[in-house]
Amino acid sequence: MLKVTALCTEYPGVHGATVRAARDVTFEVPTGKWFTLLGPSGCGKTTTLRSIAGLERPTSGEISVHGAVVYSSATNTFIAPNKRNFGMVFQSYAIWPHMNVFENAAFPLEVAGGHDRKEIRDKVMRVLAAVGLDDLAERDATKLSGGQQQRLALARALVREPRLLLLDEPLSNLDAKLRERMRFELKRLQQEFGHTTVYVTHDQSEALALSHQIAVMSEGELIQVGTPREIYEQPRNRFVADFVGSTNFIDAQVVSVEGRDGACRVVTELGELEANSAEILNAGDTVVLSVRPEDIELSEQVPDSRNADNVRTGVVRAKVFLGEHVDFQVGLGERVLLARAHPSLRTPVGEKIYARMNPEKCVALRQ
């Protein structure tokens with residue numbers, strides 16, 4: 001298990017100012033799980049990862065793996081990066097250009113020592129087979145494609161059977177289709193080897209697809225930690241809702257709190273709506289509703305009485321065909337909402353349409 005406690009990392013900034021890159025960062029990663037640090041550029045996610053790796057020396061806090069402390073400000077403990085037995089894959093892959101595929105993957109074992117030639121070959125060929133590069137073992141590393149180089153970097157990180165695998169945006173240099181394929185490869189490798197993994201990305205789709213848990217970061221702080229479904233469907237605040245996927249925001253005020261957990265009625269520019277909240281709200285509280293495009297159900301017919309809650313009549317202002325779905329801009333009075341529907345819905349621009357905002361998916365967030 002990885003345990004990070006009250007981690008702070010600071011840098012000297014311009015004109016003597018201090019840059020707090022990581023602020024009181026605390027989380028735990030159970031053995032064998034995939035944990036993703038997700039956030040925009042400059043939020044502190046890479047600084048946190050490099051602090052775990054030992055490539056940055058934090059200002060304060062503690063980092064331990066399986067109970068062994070690798071950094072502690074309280075005891076002045078700092079284990080050198082090469083002594084931590086962590087595997088790391090960088091954004092640039094850092095492939096040795098003068099070595100072939102086998103030599104690149106074998107390099108960590110050669111440096112560490114204590115392995116005979118047969119043992120090194122067996123270990124290297126096993127991981128090369130796992131990443132699909134065993135047939136290219138003798139090829140020059142510079143003659144590999146981008147996706148193959150990424151897999152070679154993974155093989156080099158896995159060959160020492162690390163206690164912890166650290167991945168710093170390893171897919172960011174790949175094209176969109178290859179990046180999508182590599183997500184499946186990464187997930188398969190994690191399941192096969194069972195490594196405890198910390199992954200850094202700004203790509204929400206990668207985080208949702210790969211992770212057991214996600215930590216959303218902003219300005220050096222952890223904003224919310226949860227499963228992919230919790231982060232997407234139950235954001236804790238406006239920043240998380242806005243950063244992870246697309247959403248519509250509607251300003252509102254709580255009118256009443258219903259008897260069942262989280263249910264409430266709110267008044268908005270679109271009239272009264274039913275909503276849900278993970279927070280305890282009171283009548284009169286100012287909130288904002290987050291409604292995902294796919295949770296706005298569009299229909300050319302009036303919904304039946306069983307689905308009559310949160311129904312509004314609108315006009316199709318614009319639509320964009322995207323293959324597996326169509327994005328609609330629906331005008332509800334002066335307000336325009338983004339909705340997502342199956343391509344079978346072909347309502348023309350300018351025509352009337354009915355929009356139902358699923359009450360269970362209208363998330364009320366305290367302002």
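Sequential numbering from 1 along the given sequence is applied to the chain's residues.
Judged by distance alone, with hydrogens and angles left aside, the side-chain atoms of Glu233 form no donor-acceptor pair with the main-chain N or O of Glu230 at under 3.5 Å. A donor-acceptor pair under 3.5 Å is absent between the side-chain atoms of Ser299 and the main chain of Tyr354, judged by distance alone. The backbone N or O of Gln234 sits less than 3.5 Å from a side-chain atom of Gln224, completing a donor-acceptor pair. Side-chain atoms of Arg156 come within 3.5 Å of backbone atoms of Ala94 as a donor-acceptor pair (strictly under, hydrogens ignored). Looking only at distances, a side-chain donor or acceptor of Gln253 sits under 3.5 Å from a matching main-chain atom of Gly284. Between the side chain of Arg23 and the main chain of Glu219, a donor-acceptor pair closer than 3.5 Å is present. Between the side chain of Ser64 and the backbone N or O of Gly67, no donor-acceptor pair lies under 3.5 Å. For Arg335 (side chain) and Glu269 (main-chain N/O), no donor-acceptor pair under 3.5 Å exists by modelled atom type. Although no hydrogens or angles enter the test, the distance criterion places a donor-acceptor pair under 3.5 Å between the side chain of Gln190 and the main chain of Gly32. Between the side chain of Asn104 and the main chain of Trp96, a donor-acceptor pair closer than 3.5 Å is present.
Classification of Lys319 and Asp327 as a salt-bridged pair fails, no side-chain N sitting under 4.0 Å from a carboxylate O. Remark: Arg181 does not engage Glu185 in a salt bridge, criterion side-chain N to carboxylate O under 4.0 Å. Salt-bridge check for Asp122 with Arg126: failed, with every basic side-chain N at 4.0 Å or more from each acidic carboxylate O.
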Given Thr77 and Ser72, is the side-chain hydrogen bond (donor to acceptor under 3.5 Å, both in side chains) satisfied, shown in steps? CA-CA 5 Å; Thr77 301; Ser72 173; 5.2 Å; no
Kindly indicate, with the supporting measurements, whether the criterion salt bridge (Lys or Arg N to Asp or Glu O under 4.0 Å) is fulfilled by Asp285 and Arg366. CA-CA 8 Å; Asp285 285 348; Arg366 195 185 298 277; 3.2 Å; yes
Verdict with reasoning, Leu2 to Val4, per side-chain contact (heavy atoms from CB on, under 4.5 Å): CA-CA 7 Å; Leu2 168 68; Val4 177; 4.1 Å; yes
Under the side-chain contact (heavy atoms from CB on, under 4.5 Å) criterion, do Ile79 and Tyr71 qualify, and how do the steps go? CA-CA 6 Å; Ile79 305 300; Tyr71 168 76; over 6 Å; no
Test Val330 against Val336 for side-chain contact (heavy atoms from CB on, under 4.5 Å), laying out the working first. CA-CA 5 Å; Val330 178; Val336 177; over 6 Å; no
Please test Leu152 against Ile95 for side-chain contact (heavy atoms from CB on, under 4.5 Å), starting from the C-alpha separation and ending with a verdict. CA-CA 8 Å; Leu152 177 55; Ile95 300 299; 3.9 Å; yes
For Glu300 and Thr347, run side-chain hydrogen bond (donor to acceptor under 3.5 Å, both in side chains): C-alpha distance rounded to whole Å, both residues' side-chain angles, the deciding distance at 0.1 Å, then the answer. CA-CA 7 Å; Glu300 294 180 344; Thr347 309; 2.6 Å; yes
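The distance from the CG atom of Leu128 to the CZ atom of Arg121 is 9.0 Å, given to the nearest 0.5 Å. Taking CG of Leu167 as the reference point, atom CG of Leu37 lies at 11.0 Å (rounded to 0.5 Å). To the nearest 0.5 Å, the span separating CG on Asn276 from CD on Glu258 amounts to 10.0 Å. Here the NE2 atom belonging to His202 is positioned 11.0 Å from the SG atom belonging to Cys43, to the nearest 0.5 angstrom.
Ile223 forms part of a hydrophobic cluster together with Leu38, Leu208, Ile214, Val216, Ile231, Tyr232, Phe239, Val240, Phe243, Val244, judged by ILVMFWY side-chain heavy-atom separations under 4.5 Å. Alongside Val255, the hydrophobic cluster contains Val267 (criterion: ILVMFWY side chains under 4.5 Å).
Open room surrounds CD on Glu360; 12 or fewer heavy atoms of other groups in view lie less than 6.0 Å from it. Within a 6.0 Å radius of CD in Glu324, other residues, nucleotides and ligands contribute more than 12 heavy atoms. The 12-atom threshold is exceeded at CG of Leu322, counting heavy atoms of other residues, nucleotides or ligands nearer than 6.0 Å. Other residues, nucleotides and ligands contribute at most 12 non-hydrogen atoms within 6.0 Å of the CD atom of Gln301. For Phe184, the CZ atom is loosely surrounded, since the number of other residues' heavy atoms within 6.0 Å does not exceed 12. The environment of CZ in Arg57 is crowded: more than 12 heavy-atom neighbours from other residues, nucleotides or ligands sit within 6.0 Å. Within a 6.0 Å sphere centred on CD of Glu180, other residues, nucleotides and ligands contribute 12 heavy atoms or fewer.
At least one test fails for Arg139 against the ring of Phe102: distance under 6.0 Å to the centre or angle within 45° of the axis.
Checking His195 against Thr197 by side-chain atom types alone, no donor-acceptor pair falls below 3.5 Å. For the residue pair Thr247 and Ser290, a side-chain donor N or O sits within less than 3.5 Å of a side-chain acceptor on the partner. Using modelled atom types, one finds no donor on one side chain facing an acceptor on the other under 3.5 Å when comparing Thr286 with Gln367. Checking Glu10 against Thr18 by side-chain atom types alone, no donor-acceptor pair falls below 3.5 Å. Under 3.5 Å, the side chains of Thr9 and Glu56 contain no donor-acceptor pair of N or O atoms. Counted by atom type alone, Ser60 and Ser73 present zero donor-acceptor pairs between their side chains at under 3.5 Å.
Nearest heavy atoms, Val25 versus Ala22: CG2-CB, 4.1 Å. Contact detail for Met182 and Arg151: the closest heavy-atom pair is CE-CG, 3.5 Å. Scanning both residues, Met88 and Ala53, for their nearest heavy atoms gives SD-CB, 3.8 Å. Of all non-hydrogen atoms in Pro343 and Gly323, the two that sit nearest each other are CG-O, 3.2 Å. In plain terms, the two heavy atoms of Val291 and Cys362 that are nearest each other are CG2-SG, 3.9 Å. The heavy-atom pair separating Val127 from Ala155 by the smallest distance is CG2-O, 3.8 Å.
Annotation: side chain of Leu171 is in contact with side chain of Glu206 (closest heavy-atom distance under 4.5 Å). At a threshold of 4.5 Å between non-hydrogen side-chain atoms, the residues Val29 and Met1 do not count as touching. Counting heavy atoms from C-beta on, the side chains of Val198 and Leu49 come closer than 4.5 Å. The side-chain heavy atoms of Leu109 and Val159, taken from C-beta on, include a pair separated by under 4.5 Å.
Between Trp34 and Tyr199, the ring planes are tilted. Angles from 30° to 60° get that label.
If you run side chain to side chain contact (heavy atoms under 4.5 Å, CB included) between Phe328 and each of Val316, Leu338, Val349, only Val316 comes through.
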